[in-house]
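Reading through the structure tokens given below for one structure.
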Amino acid sequence: MSSLNRRRAGWTIVNLLVVLYAVIPLWWIISLSFKSTGTVTDGNFIPTSWTLENYRNIFDTGFFTSALINSIGIGLITTAIAVVLGTMAAYAIARLEFRGKKLLVGAALLIAMFPQISLVTPLFNIERRIGLFDTWLGLILPYTAFALPLAIYTLSAFFREIPWDLEKAAMMDGASPTQAFRRVIVPLAAPGVVTSAILVFIFAWNDLLLALSLTSTDRAQTAPVAIANFTGVSQFEEPTGAIAAAAVVITIPIIIFVLFFQRRIVAGLTSGAVKG
Amino acid sequence: MTSGPHDGDGPQGRDQHPPVHSDIWVPPEQLNRPAADRPAAEVPAAAAAGAGAAGGTAVLDQSPPAAPAGRHGSTDRRRSERRLAYWLVAPAAVVMALVTGYPIVYAIWLSLTDANLRDPGEQKFVGLSNYGTVLSSNYWWTALAVTVCITVVSVLIELVLGMAIAMVMHRAMFGKGLVRTVVLIPYGIVTVAAAISWKYAWTPGTGYLANLLPDGSAPLTEQIPALSIVVLAEVWKTTPFMALLLLAGLALVPDDLLKAAQVDGAGAWTRLFRITLPLMKPAILVALLFRTLDAFRIFDNIYVLTAGNHDTGSVSMLGYNNLFKAFNLGVGSAISILIFLCVAIIAGIFIKGFGASAPGSDDEGR
């Protein structure tokens with residue numbers, strides 16, 4: 001009995017360590033974001049006085065708000081395009097026979113591993129020339145290209161698991177092809193599509209290098225760029241609280257999302273990479 | 001071989017593999033086996049996959065090829081299926097080729113010229129001299145050394161730590177759900193936000209970690225301490241991903257085998273090194289490959305934490321600075337191509353390690 005208790009205590013400690021590992025840096029930045037200007041440098045782990053001042057400040061400067069809008073817009077459009085194109089390609093890869101399938105899969109894998117910096121110089125030059133520099137489209141295109149392998153891998157792994165015969169069975173039971181597709185296939189495929197949409201959105205939301213290189217003004221600058229390059233009103237005072245608040249704003253929605261769709265994301269991440 | 005377009009897999013394919021489930025790692029060797037005894041008609045495609053690994057532009061050749069010579073019978077159906085497949089695949093292939101294939105070719109061209117942003121009109125062919133400039137410069141070798149150090153150290157730590165966390169997720173008596181949930185927090189955090197958290201944690205006067213250090217130390221302004229912090233930030237953010245990949249591999253190690261070994265008197269470490277790890281080799285290799293290539297292109301953490309000062313810049317940082325501070329397109333492109341070659345070499349080494357079971361080399365036959 002006591003050995004069971006000891007094991008129980010051991011696992012509690014181990015679990016606690018993992019939780020602390022994951023939570024401490026997140027808590028730290030949240031804590032910073034609620035500290036007032038006077039206490040931000042006190043190094044306390046818990047704010048001695050809580051304030052929303054930092055959050056008010058970042059939304060008062062139109063600069064962060066527009067970056068946030070750019071991030072959301074670019075992220076959503078990228079997700080929509082990548083998921084639609086990815087679904088089409090993944091369906092073909094999972095269910096149809098065609099030549100060049102392996103070529104496509106190999107090329108997608110290659111792009112997934114591609115060092116993005118290798119594209120920054122040429123893309124920068126090309127986009128300036130054709131007027132895509134510092135536009136939404138100028139970011140959506142490269143994001144889509146880099147997200148497609150992720151979408152294709154995740155989706156084709158999901159599609160391979162769908163029992164497609166159910167479609168035939170439904171039609172035998174009198175459903176029309178459209179009905180069979182809508183009532184049988186769509187519900188089965190939806191989890192995979194949602195998963196890949198989440199992964200693609202996180203990718204686009206997270207990117208710094210491309211956004212930093214291919215934008216220059218608030219027309220298309222995304223939130224990570226705004227935060228990384230945030231300088232305060234005076235250059236002698238580091239706007240720690242405001243930066244922390246901005247970081248929290250762009251992080252918390254994603255974390256809630258990730259925790260909410262936890263199972264799907266784990267399945268998607270491992271299928272996308274492991275099955276690759 | 002395959003009995004019909006809508007069966008997806010051949011019947012043997014189904015028998016050999018367990019139903020593919022996303023939580024289950026299927027060792028690539030197993031997946032590969034049917035590929036070996038596939039009829040000759042499919043071999044060209046396999047060869048093409050190899051070519052695909054050589055350059056992204058190859059995707060451009062997606063135009064429908066002539067009907068394969070070796071196949072007769074039910075060709076109409078096959079052909080219409082193939083046509084549908086090409087229509088479905090084309091948009092994705094075109095986007096990927098346009099955005100990655102074309103620019104990389106363009107970068108090769110730029111790297112052979114003296115193009116720069118100061119006087120855009122002038123562009124002279126200068127041969128390989130940009131490569132000479134880069135390869136004879138200390139900046140390149142420092143950045144490369146920094147990048148290799150960060151990559152090796154952080155991937156090794158991630159492997160050990162990730163393995164430990166995977167074990168916890170796999171074996172914990174209780175709270176598995178909780179652990180599996182919280183490890184996704186680092187994955188979900190935007191890299192820039194996490195980097196800022198680490199930066200302020202180590203900023204003297206502000207941070208809880210800097211306050212633990214002796215007075216007057218500013219870790220982010222010295223090379224080795226700063227690099228350690230970069231590694232810390234990188235490890236923290238990506239270990240969960242590693243752990244999840246390893247967990248998928250861990251799930252494939254049969255419990256019976258471990259129990260049998262235990263009965264035979266094998267200790268925990270012996271079981272880990274003699275049974276678990278060897279059986280997980282494919283999963284470990286895939287995880288290492290993905291993480292190594294990912295770590296090699298490290299940019300965000302360094303940009304936020306040190307901006308590459310005090311000799312802490314990675315090759316990605318160098319490429320970026322060259323373009324936006326030195327405005328030199330030619331040299332910048334040469335750096336781009338060199339980084340690309342480095343990545344190709346790393347990938348090549350890993351693929352050798354995989355043997356024939358590289359990801360993507362088989363695949364979809366199952």
Side-chain angles (χ1 to χ4, degrees), chain A residues 11 14-15 18-19 22 25-26 28-29 32 41 43 45 85 88-89 92-93 95-99 101-103 105-107 109-111 113 115 117-119 121-123 141-142 144-145 148 160 206 208-209 224 227-228 243 247 250-251 254-255 258-259 262 266-267 269-271 273-274 276, chain B residues 20 22 25 45 48-49 52-53 56 59 65 81-82 85 88-89 91-92 95-96 99-100 103 106-107 168 172-173 175 179 181-186 188-193 196-197 201 205-206 208 211 244 248 290 293 297 299-300 304 316 319 323 332-333 336 339-340 343 359-360 363-364:
Chain A
W11 279 117
V14 169
N15 286 351
V18 177
V19 172
L26 177 65
W28 169 244
I29 195 127
L32 271 181
T41 55
F45 216 62
L85 300 189
M88 289 160 57
I93 287 172
R95 288 206 70 202
L96 305 176
E97 283 302 320
F98 64 100
R99 263 218 210 169
K101 190 193 272 187
K102 283 157 186 294
L103 176 68
V105 172
L109 187 78
L110 187 83
I111 291 172
M113 297 175 179
I117 184 71
S118 289
L119 289 186
T121 307
L123 272 181
L141 275 177
T144 306
L148 269 172
R160 262 187 237 113
N206 197 17
L208 174 68
L209 178 56
I227 294 173
I243 293 179
I250 66 164
T251 294
I254 299 294
I255 289 189
V258 165
L259 297 187
Q262 188 231 120
V266 171
L269 276 180
T270 40
S271 73
V274 174
Chain B
V20 181
S22 352
W25 159 260
V59 211
E81 181 184 330
R82 199 171 300 136
L88 288 175
V89 159
V95 171
M96 291 194 287
V99 181
T100 59
Y106 181 60
V168 173
M173 256 169 87
V179 171
T181 305
V182 294
V183 294
L184 283 176
I185 289 177
I189 277 195
V190 178
T191 314
V192 171
I196 282 171
S197 173
T206 307
Y208 62 105
N211 289 350
L244 290 173
F290 272 76
L293 294 183
R297 52 190 181 192
F299 179 83
D300 302 17
V304 172
S316 289
L323 182 60
S333 300
S336 296
I339 296 174
F340 183 68
V343 167
D363 209 277
E364 324 310 86

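This one's a predicted model, so the numbers in the text were calculated from it and none came from an experiment. Proteins get letters first, then strands, A, B, ... in listed order; numbering begins at 1 in each.
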Worksheet entry | Selection from A/Ala22, A/Ala228, A/Pro224 maximising heavy-atom pairs under 4.5 Å formed with chain B | A/Ala22
Worksheet entry | A/Ile117 to B/Gly319 - nearest heavy-atom pair and separation | CD1-C, 4.0 Å
Worksheet entry | Top contributor to chain B interface from A/Leu85, A/Thr251, A/Leu208 [non-hydrogen pairs under 4.5 Å] | A/Leu208
Response to the item:
Heavy-atom nearest pair, B/Ser336 first then A/Thr121, reads OG-OG1, 3.7 Å
Practice prompt. Compare all side-chain heavy atoms of A/Leu96 with those of B/Leu88 and state whether any distance is below 4.5 angstrom.
Written response: yes
Practice prompt. Mind running side chain to side chain contact (heavy atoms under 4.5 Å, CB included) on B/Ile189 and A/Ile254 for me, showing each step along the way?
Written response: CA-CA 7 Å; B/Ile189 277 195; A/Ile254 299 294; over 6 Å; no
Fill in: Straight-line distance of B/Arg82 CZ to A/Lys101 NZ, nearest 0.5 Å
11.5 Å
Discussion item. Quick check on B/Ile185 against chain A: is it the side chain, the backbone, both or neither that has a heavy atom closer than 4.5 Å?
Written reply: both
Discussion item. Applying side chain to side chain donor-acceptor pair (under 3.5 Å), can you list everything that pairs with A/Asn206, at least two apart in sequence or on another chain?
Written reply: B/Thr191
Response to the item:
Heavy-atom closest pair (B/Glu81 atom, A/Arg95 atom, distance to 0.1 Å) is OE2-O, 4.2 Å
Response to the item:
For A/Phe98 and B/Ala85, the nearest pair of non-hydrogen atoms, with its separation, is CD2-CB, 3.3 Å
Discussion item. Measuring only between side-chain heavy atoms, which start at C-beta, is A/Thr144 closer than 4.5 Å to B/Val99?
Written reply: no
Worksheet item: For A/Pro25 and B/Ser197, which heavy atoms make the closest approach, and how far apart are they?
Response: O-OG, 2.8 Å
Worksheet entry | Leading residue by heavy atom contact count with chain A [cutoff under 4.5 Å; candidates B/Gly188, B/Gly175, B/Ser316] | B/Ser316
Worksheet item: By a 4.5 Å heavy-atom criterion (distance strictly below it), what part of B/Val304 contacts chain A: side chain, backbone, both, or neither?
Response: side chain
Fill in: A/Leu32 versus chain B, the contacting section by heavy-atom distance below 4.5 Å
side chain
Practice prompt. Give the member of A/Pro142, A/Ala247, A/Ala89 that has the highest number of heavy-atom pairs under 4.5 Å with chain B.
Written response: A/Ala89
Worksheet entry | Engaged part of B/Val343 at the chain A interface, taking heavy atoms whose separation is under 4.5 Å | side chain
Worksheet, complete the sentence: Nearest heavy-atom contact between A/Ile29 and B/Ala193 is CD1-O, 3.6 Å
Practice prompt. Could you look at A/Val14 and say if it's the side chain, the backbone, both or neither that has a heavy atom under 4.5 Å from chain B?
Written response: side chain
Item to complete: Supply the atom-to-atom distance A/Leu148 CG to B/Met96 CE, rounded to the nearest 0.5 angstrom.
Response: 5.5 Å
Fill in: Side-chain heavy-atom pair B/Val168, A/Trp11 within 4.5 angstrom cut-off
yes
Practice prompt. Side chain from CB out, backbone as N, CA, C, O: work out which of these in B/Leu293 comes under 4.5 Å of a heavy atom of chain A, or both, or neither.
Written response: side chain
